[in-house]
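Down below is the structure, laid out as structure tokens.
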Amino acid sequence: METKYIQISYGQLSLATLFILINVGLSFGLRLGLEQSLVIASLRMAVQLLMVGYILQWVFTLSNPVLIILLALGMTVIAGISSVNRTRRRFTSIYWNNFISLLSGSFLVTGIVVSGILRVQPWYEPQYLIPFLGMVLGNALTGTSLSLDRFMEDLTNRRGEIEALLSLGATRWEAAHQTIKEALRTGMIPTINSMMVMGLVSLPGMMTGQILAGANPTDAIRYQIVIIFAQASGTAIAIIGVIILAFFALFNRNHQLTAPLIQKSPKKAKVKG
């Protein structure tokens, strides 16, 4: 059966804003105080996506590998900053650690998918590279922010216990391995939970988008399975990388916890104050 792709006009797009107006009305009526945040978030999201759409359309036309790699690096930088901004504490090299971890996990997995599994020619074909990278990065961003936040909070709350272990002769790894384990577990839980109910409770965005665009549902499902496995792997690599780098940043070679490196986020502290 031949499928037809339905284009959405800007008039139809403007009608979709009615959904957000319902949220704004509920917030106003129930005095939740979320009206301004909803409006700002909606405008920001719409502007960002429209800008990305025009940029991708331009990039797809050029198909220049250097430009595509620069765009991918820019996406990774933004993801790293966003990941750190979601945590409640900081240390000196946290932004760099996040960038390196996200870069390693997302680029490695995306490269394997595009070149090894899909065998896209050329490998930098933006139609495949950019969407796959974006989906892996988005998942890894959530994982690294959750795991880092849990790791630093546990180190702060268990500081006395950890320093006691260190003073009794435990190595930095022996003193922190339980904290590292819980941080890694926390970062992976959202991905595992999502996989558990996928297809039964939720229909993934990539699969739904392909079906709406006219793709065969079975083809769309196969693509979705590939990206879910890639997201899980990319998230795991990024989480392990960022926690190990944080571990070495917060514990020195003399097996001491450098607690002064952990600071409250200025943004979070301001909100709480």
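Remember, it's a predicted structure, so these values are computed and weren't measured experimentally.
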**Request:** For A183 and I243, work out which heavy atoms get closest and say how close.
**Result:** CB-CD1, 4.0 Å
**Prompt:** Just wondering, do D149 and R89 contact through their side chains at under 4.5 Å, heavy atoms?
**Reply:** no
**With T218 via side-chain contact (heavy atoms from CB on, under 4.5 Å) - residues at least two apart** = N216, R222
List the atom pairs, with distances to 0.1 Å, where a side-chain N or O of residues 126-134 and a protein N or O form a donor-acceptor pair under 3.5 Å, not counting sequence neighbours.
none

**Message:** As an exercise, state the distance from CZ of R159 to CG of D154, rounded to the nearest 0.5 Å.
**Reply:** 15.0 Å
**Complete:** Applying ring pair (Phe, Tyr, Trp, His ring centres under 6.0 Å) to F107 and not counting sequence neighbours gives none
**Message:** Distance check, rounded to the nearest 0.5 Å: T144 atom OG1 versus N98 atom CG?
**Reply:** 5.0 Å
**Asked** With side chains defined as the heavy atoms from C-beta onward, is the minimum distance between P190 and L146 less than 4.5 Å?
**Response** yes
**Asked** Are any of the side-chain heavy atoms of N97 and S93 separated by less than 4.5 Å?
**Response** yes
**Asked** Heavy-atom distance under 4.5 Å between the side chains of T142 and R86, does that happen here?
**Response** yes
**Message:** Looking at V242, is its backbone amide N or carbonyl O close enough to the side chain of S101 to form a donor-acceptor pair, meaning the two atoms are under 3.5 Å apart?
**Reply:** yes
**Request:** For side-chain contact (heavy atoms from CB on, under 4.5 Å), just list the numbers for I227 and V136, CA-CA rounded to whole Å, side-chain angles, deciding distance to a tenth of an Å, and then say yes or no.
**Result:** CA-CA 8 Å; I227 191 57; V136 173; 4.0 Å; yes
**Message:** Between F91 and L148, does the side-chain contact (heavy atoms from CB on, under 4.5 Å) criterion hold? Intermediate values first, please.
**Reply:** CA-CA 11 Å; F91 56 88; L148 256 185; 4.2 Å; yes
**Prompt:** Could you walk me through whether T186 and R150 pass the side-chain hydrogen bond (donor to acceptor under 3.5 Å, both in side chains) check?
**Reply:** CA-CA 7 Å; T186 299; R150 176 65 183 269; 3.1 Å; yes
**Asked** Between CD of Q121 and CD of E125, what distance do you get to the nearest 0.5 Å?
**Response** 10.5 Å
Compile the donor-acceptor pairs under 3.5 Å between side chains in residues 33-50 and protein atoms, sequence neighbours left out, one pair per line.
{"from": "E35", "atom 1": "OE1", "to": "S27", "atom 2": "OG", "distance (Å)": "2.8"}
{"from": "E35", "atom 1": "OE1", "to": "G33", "atom 2": "N", "distance (Å)": "3.3"}
{"from": "S42", "atom 1": "OG", "to": "L38", "atom 2": "O", "distance (Å)": "2.7"}
{"from": "R44", "atom 1": "NE", "to": "Q48", "atom 2": "OE1", "distance (Å)": "2.9"}

**Asked** Does the pair E161/R158 count as a salt bridge with the N-to-O cut at 4.0 Å?
**Response** yes
**Asked** Would a 4.5 Å heavy-atom cut-off, applied to side chains only, mark L73 and L103 as touching?
**Response** yes
**Message:** Counting C-beta onward and ignoring hydrogens, is there a side-chain heavy-atom pair between E153 and R88 closer than 4.5 Å?
**Reply:** yes
**Complete:** Between Y124 and I68, the two heavy atoms sitting closest are O-CD1, 3.1 Å
**Asked** Should W58 and V52 be counted in the same cluster of Ile, Leu, Val, Met, Phe, Trp and Tyr side chains packed under 4.5 Å apart?
**Response** yes
**Message:** Please determine whether side-chain contact (heavy atoms from CB on, under 4.5 Å) holds for the pair I180 and F151, giving the CA-CA distance in whole Å, both sets of side-chain angles, and the decisive distance to 0.1 Å.
**Reply:** CA-CA 6 Å; I180 293 174; F151 181 64; 3.7 Å; yes
**Prompt:** Taking S83 for the side chain and A79 for the main chain, is one N or O donor matched with an acceptor at less than 3.5 Å?
**Reply:** no
**Message:** If the condition is side-chain contact (heavy atoms from CB on, under 4.5 Å), which residues does T171 pass it with, not counting sequence neighbours?
**Reply:** W173, E174, H255
**Asked** With sequence neighbours left out, what residues match I192 under side-chain contact (heavy atoms from CB on, under 4.5 Å)?
**Response** M188, M196
**Prompt:** Can you check side-chain contact (heavy atoms from CB on, under 4.5 Å) on T179 and I162, steps first, answer last?
**Reply:** CA-CA 10 Å; T179 300; I162 291 173; 4.3 Å; yes
**Complete:** One should read off an interatomic distance between L71 CG and T76 OG1, to the nearest 0.5 angstrom, of 9.5 Å
**Prompt:** According to a 4.5 Å side-chain heavy-atom criterion applied to Ile, Leu, Val, Met, Phe, Trp and Tyr, with indirect links allowed, do I20 and L26 form part of one hydrophobic cluster?
**Reply:** no
**Asked** Any chain of hydrophobic side-chain contacts (each under 4.5 Å) joining L21 to L13?
**Response** no
**Item:** Straight-line distance of I81 CD1 to L141 CG, nearest 0.5 Å
**Value:** 11.0 Å
**Heavy-atom check, side chain of W96 versus side chain of L245, under 4.5 Å** = no
**Asked** Going hydrophobic residue to hydrophobic residue with side-chain gaps under 4.5 angstrom, can you get from V113 over to L102?
**Response** yes
**Asked** Should F229 and V114 be regarded as members of a common hydrophobic cluster, given that ILVMFWY residues are connected when their side-chain heavy atoms come within less than 4.5 Å of each other, either directly or indirectly?
**Response** yes
**Request:** Report the C-alpha separation of R90 and T87 in whole Å, then their side-chain angles, then the decisive distance to 0.1 Å, and conclude whether the side-chain hydrogen bond (donor to acceptor under 3.5 Å, both in side chains) test is met.
**Result:** CA-CA 8 Å; R90 300 284 188 274; T87 62; 2.9 Å; yes
**Nearest non-hydrogen partners of S106 and T110, listed with the distance** = O-OG1, 2.7 Å
**Message:** Can a donor-acceptor pair be found, under 3.5 Å and without considering hydrogens, that links the side chain of T17 to the backbone of S14?
**Reply:** yes
**Asked** Any side-chain heavy atom of F247 within less than 4.5 Å of one from L155?
**Response** no
**Asked** So how far is it from I189 CD1 to L184 CG, rounded to the nearest 0.5 Å?
**Response** 11.0 Å
